[in-house]
Amino acid sequence: SWPQLARPCPGTLFSSCRFADYFVTCGLDTESGLEPDELSEPTWEQDSRFFFPLSFSLSVRISGENFEQSPLRRTFKSKVLAHYPENVEWNSFDQDAVGMLCMPKGLSFRTQTDIREPQFHSFIITREDGSRTYGFALTFFEEVTSKQICSAMQTLYHMHNAEQYDILHTPPTPRSPEDTRPTPQQLHAAPTLSRLQRFNSYDISRDTLYVSKCICLITPMAFAQACRRVLEQLHQAVTSPQPPPLPLESYVYNVLYEVPLPPVGRSLKFSGVYGPVVCQRPSTAELPLFDFPLQEVFELLGVENVLQLFTCALLEIQILLYSQHYQRLMTVAESITALMFPFQWQHVYVPILPASLLHFLDAPVPYLMGLHSNGQDDRTKLELPQEANLCFVDIDNHFIELPEDLPQFPNKLEFIQEISEVLLAFGISSEANPQCSEGQGKRRGFRSGDMASDKRNGNLAGSPLNSYLLRENQTIARLQALVKRTGVSLEKVRVSLSDDSKVQCDEEEMKMHQLNIRVREVFANRFTQMFSDYEVFVIQPSQDKESWFSNRDQMQNFDKASFLSDQPEPYLPFLSRFLETQMFASFIDSKILCHDDEDKEHTLRVFDSRVDKIRMLNVRTPTLRTSMYQKCTNIDEAIEMRLCKIDHTALHPHLLDMKIGQGRYEPGFFPRLQSDVLSTGPTSNKWAKRSAPAQWRRKDRQKQHAEHLYLDNDQREKYIQEARNLGTTLRQPKLSNLSPSVIAQTNWKFVEGLLKECRNKTKRMLVEKMGREAVELGHGEVSITGVEENTLIASLCDLLERIWSHGLQVKQGKSALWSHLLHYQESKEKRDATPAGLGPPERRKSDAGCAMPPLKVSLIQDMRHIQNISEIKTDVGKARAWVRLSMEKKLLSRHLKQLLSDHELTKKLYKRYAFLRCDDEKEQFLYHLLSFNAVDYFCFTNVFTTIMIPYHLVIVPSKKLGGSMFTANPWVCVSGELAETGVLQVPKNTLEITFECQNLGKLTTVQMGHDNSGLYAKWLVECVMVRNGITGHTYKFPCGRWLGKGVDDGSLERILVGELVTNMENEDRMCRTPPMQQSPGMMRRFVTISPNSKPKLNTGQIQEGVGEAINGIVKHFHKPEKERGSLTLLLCGEYGLVWALEQVFQHGFKSPRLFKNVFIWDFLEKAQVYFESTEQSQMTQDENWHMRVRHFCHFMRAINSTTRNIGKDGKFQMLVCLGARDHLLHHWIALLAECPITAQMYEDMALLKDHSLVNSLIRVLQTLQEFNITLEASLVKGIGI
């Protein structure tokens, strides 16, 4: 989250009007001597003589030889030596945090042979309430004057060398510790020895020992460049041969008490020791303050990587930055969070993670952390607790590891192009630039040491070396092509200001500000374009604020579905995930909380004003989304103006009231300053006085707003902080007391957070599903939910990975969940002496009839299915596929329960505090997952569409008439939403087959028939059952009719429509939620008799049947495309449209003489003959009538002439389907109602003879006209219409 300065938080806004709150020095406390820093090297072992660090999974391992660090390379405790003033009430001094972050690695020692360049870095301290303080530290080396310390170091060396020679099997000849020339027997250890030679060179008589010291400013706002100048000039004052003009106290006093924060929208100049320092602050209409060089981030990582990292941050993926430069960690972290404007990072944010907090990498929450590398280890040595959803950024080596299936940022290519053009205009390559990294070994024959001579991270712009590397760089060709395309000149941009205006800061800094603002505007423009009409979709709470806050978690604050339905298709994978993030929710919360512009947070106000501007400029209708890329046109020159004309100048440093002799110092050493003069500020201070009334005025104004909001400010603050407080209880770890109890408490917070997140996720997913299945007709459920379901399931997988990697003992592979499953599989296979699958299978209870017993429930078998899918290559992918499969089988909770029931294994893999070893929480978690069993997910079938799946098919003949005499050869063809099998022959003796084919999707129809061979080719079939061998889904295709010539309707083949059989699992189903099915229609209540004994329905019931059938089809089309069920089922299934129209035509149909069956098709054929003859006889009818008649006869002829052996009822079904497809049914009903044949064949009370009933039937059928009905191939095979 941004430095929260726009927010009226007590920590920053009202009280701190000073540029800096504290000046701090840290270093070696000669009183307490050398203490090993146990926290920096987490495992230490007490030796009888001293401490020696044991290797830790994240500590140093030199060239594979796992031996201890040499004393000069060890870390020792640093102390805060002094800070001035003692305390200020608005920002109390946190000694532990400051000490840890000023010198995150503790003290380091050097000798005169080592490089001892001063290093600058900044850091951040986040307080409990989320507000921030910034620190800027300059670390340099001073000679150690204490004899005790030097001799302690010498002793350590003697001990260390003795240890090493034991380890290296030295020959027995006595040698002095310095003489490390290898003997022939020792050559195999040569590399190790040369290491020793380099490190083990401290000799008290010959060498000078240096130790690190740090001076630091703690400030309320991040003026990085100004603070760097102040500190560098202070350091220069003690190292230059000439003493500074005034005592150091005067300059420190000046920066602490006499330099104010620059007012909003103004610039300020004050004096350092040797030169002026300038800082400026953006106005309320500009992007928030940001004072870190973006150029460096793009040079280190390249545009492509920056954009990928940016995408990870927006999706709240765990991000770990890795570099040996603290300042790089901070620059990258601050840059990425700044580019997110107007959104703010809401989770753990620790750009520099002190070594003592390494256990924090275990945190199962989103985080953005920076880890210091020692420059010797490569990435492979680093063992991180979880990597399934981690973005790892190796800054020094310019590479980034991304989590799997990261969606593309919208318009990624055009975006990269636009950023590259801006960089190019400043002469910066858009590729990662190896020359800006120091210490990278040899590159192109140049020593990196030569490059590192420049302090600004080796950015040697303009040097001959630079142009040489540039010529050699293969990316230059790409750049030149880009230049040609864009017409940008490669000449570097010079600071574009007229000569007479004198810039008050150097050219480099001016260029930094110009580049920063251009790039930030390009990023901000993406969001203003993407969310230009977001306000339309904000759901304002209907209830009062209090109850809104208390139900915050359950409330939807943004109409996601409608917003997404306006977006171009390619944006959806990214946007659907982004809308689920905490940062988006908090952004919308703050929008709901503020009533007018006065009340808005700074970021929101700036963003809204830009959105308004876009709305005015854009003539396009705001709801019509195009993926047209609109470049940024906003160029803000306010910073340049402020830097040319300085608005305010602070008091100059002056002599303080000090005693004679105070303020002298020894050259080369930063002295202990006089605390008496630095402990309090001036008694009267004009700017402090002047600003007070303004602040109170502002406070009053805010108070009025707050009353207007029914909440006072503190409450409102509290609520904003608490809003969606999901797992964010930890913005920053406490840096102080790291006793086991504190770590335990932290972990407990994580466990609670995970449980809460699990509860909310399951609830959200159920609401999505149930809501969809209960949606009222036509209340636009718009076309996104397929993407949305995927998003939610992906985020569930991510949550499971985070739970499984919390408190892991040893990490194996990138997916903690899959690794646990593999351990389980291995131990289970060892234990099961019985070969797999021969033990008594555990089967589910089922009501599918005994024709097909359900698959046995087996976690291992489900794993094997996933392991057999060759398309899934990675562990993370396998874990996700396994979760999807378990969700689809409604076994997720049960499988995980079984996995965790192996307590021995869980103990072996997890530390005591891990989530999976907290029994109550684990139970609750499994219970939440159980609620998924209430709904049907097809999240496996719909995603893995190309895999091979085994299917098992059984034909169930009627029990009444034994099919044993049946002599013909049956065949089937199975169709699903994704594909169909083609004709499969079924052996007539067993009537079942197992076949493997590419995923058919949800199954829809089975065509079945026989070849009419042999003596007895008549067959009564009850149903066909088909089971998917992986997901266990079983489909039932009811038939209940004969297949054979001269029996029933004379059909040799039928098209059966299937439905999924639900497994009622009594033991595991949650009692409260019945299985999800449509409520039984009216028809089911009337028609309780089996289909072959035709029930007699009255006209009211028939009308209702038609109404329900049509309603089902209308609802189907109002659902989002990815959520629709089977249309075939609605047309031809039980109580579908075909059945309903059958009832219409059967009502009042005159029953023929005994033993002769008459079918509706016979009536239709007679009507066809009549129409054809009347057409010939040119009876005077209107053109419309002739049109309809021609259509009807054409369809009848086509169906009658098909080569397929479908019977009369099959033909009627085909006619209804084609009529529905071509929107002709209502015309045909009208024709037939008027036809004289109807008069002959129907009784007088028949529905078809009742004009008002026929008219209402026609009206109902007309509603199908607006839908584009596509028929499944199996329904219209062999018909060429």
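From a predicted model like this one, the values you see are computed outputs, not experimental measurements.
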To the nearest 0.5 Å, how far apart are CD1 in I949 and NE2 in H1033? 10.0 Å

State whether the side chain of N397 and the backbone N or O of F399 hold a donor-acceptor pair below 3.5 Å, judged by distance alone. no

Working to the nearest 0.5 Å, report the span between CG of L402 and SG of C312. 5.0 Å

Would you call E826 and K908 a salt bridge, taking side-chain N to carboxylate O under 4.0 Å as the test? no

Would you please indicate if the ring centroids of H347 and W345 are separated by under 6.0 Å? yes

Side chains of T941 and E888: donor-acceptor distance under 3.5 Å anywhere? yes

Check: H372 ring centroid to Y322 ring centroid under 6.0 Å: no

Do you see a donor-acceptor pair shorter than 3.5 Å between the side chains of E801 and S815? yes

Mind checking side chain to side chain donor-acceptor pair (under 3.5 Å) for D862 and listing every partner two or more places apart, or none if nothing turns up? K889, H895

A side-chain contact here means heavy atoms from C-beta on lying under 4.5 Å apart; do L301 and L309 qualify? yes

Sequence neighbours excluded, the answer for ring pair (Phe, Tyr, Trp, His ring centres under 6.0 Å) partners of F584 is F531, F558, F578

Residues K814 and E404 bridged, charged N to O under 4.0 Å: no

Centre-to-centre under 6.0 Å for Y910 and H806, is that the case here? no

Give me the atom names and distance for the closest heavy-atom approach of S323 to I395. CB-CB, 4.0 Å

Centroid-centroid distance, Y367 to Y349, less than 6.0 Å: no

Are D798 and R880 ion-paired here, with the side-chain N under 4.0 Å from a carboxylate O? no

So, do I317 and P366 sit near enough that their side-chain heavy atoms are less than 4.5 Å apart? no

Is there a side-chain contact between Y951 and V974 (heavy atoms, below 4.5 Å)? no

Quick check: do L926 and L930 have side-chain heavy atoms less than 4.5 Å from each other? no

Q346 vs E316, test: side-chain hydrogen bond (donor to acceptor under 3.5 Å, both in side chains). Steps then yes/no. CA-CA 9 Å; Q346 298 290 323; E316 296 182 351; over 6 Å; no

Classify the angle between the aromatic ring planes of F925 and F915 as parallel (below 30°), tilted (30 to 60°) or perpendicular (above 60°). perpendicular

Taking T1004 for the side chain and S975 for the main chain, is one N or O donor matched with an acceptor at less than 3.5 Å? yes

Sequence-distant partners of H823, ring pair (Phe, Tyr, Trp, His ring centres under 6.0 Å), two or more places apart: none

L329 CG to L321 CG distance, which is reported to the nearest 0.5 Å: 6.0 Å

Without swapping roles, check the side chain of T945 against the backbone of N942 for a donor-acceptor pair under 3.5 Å. no

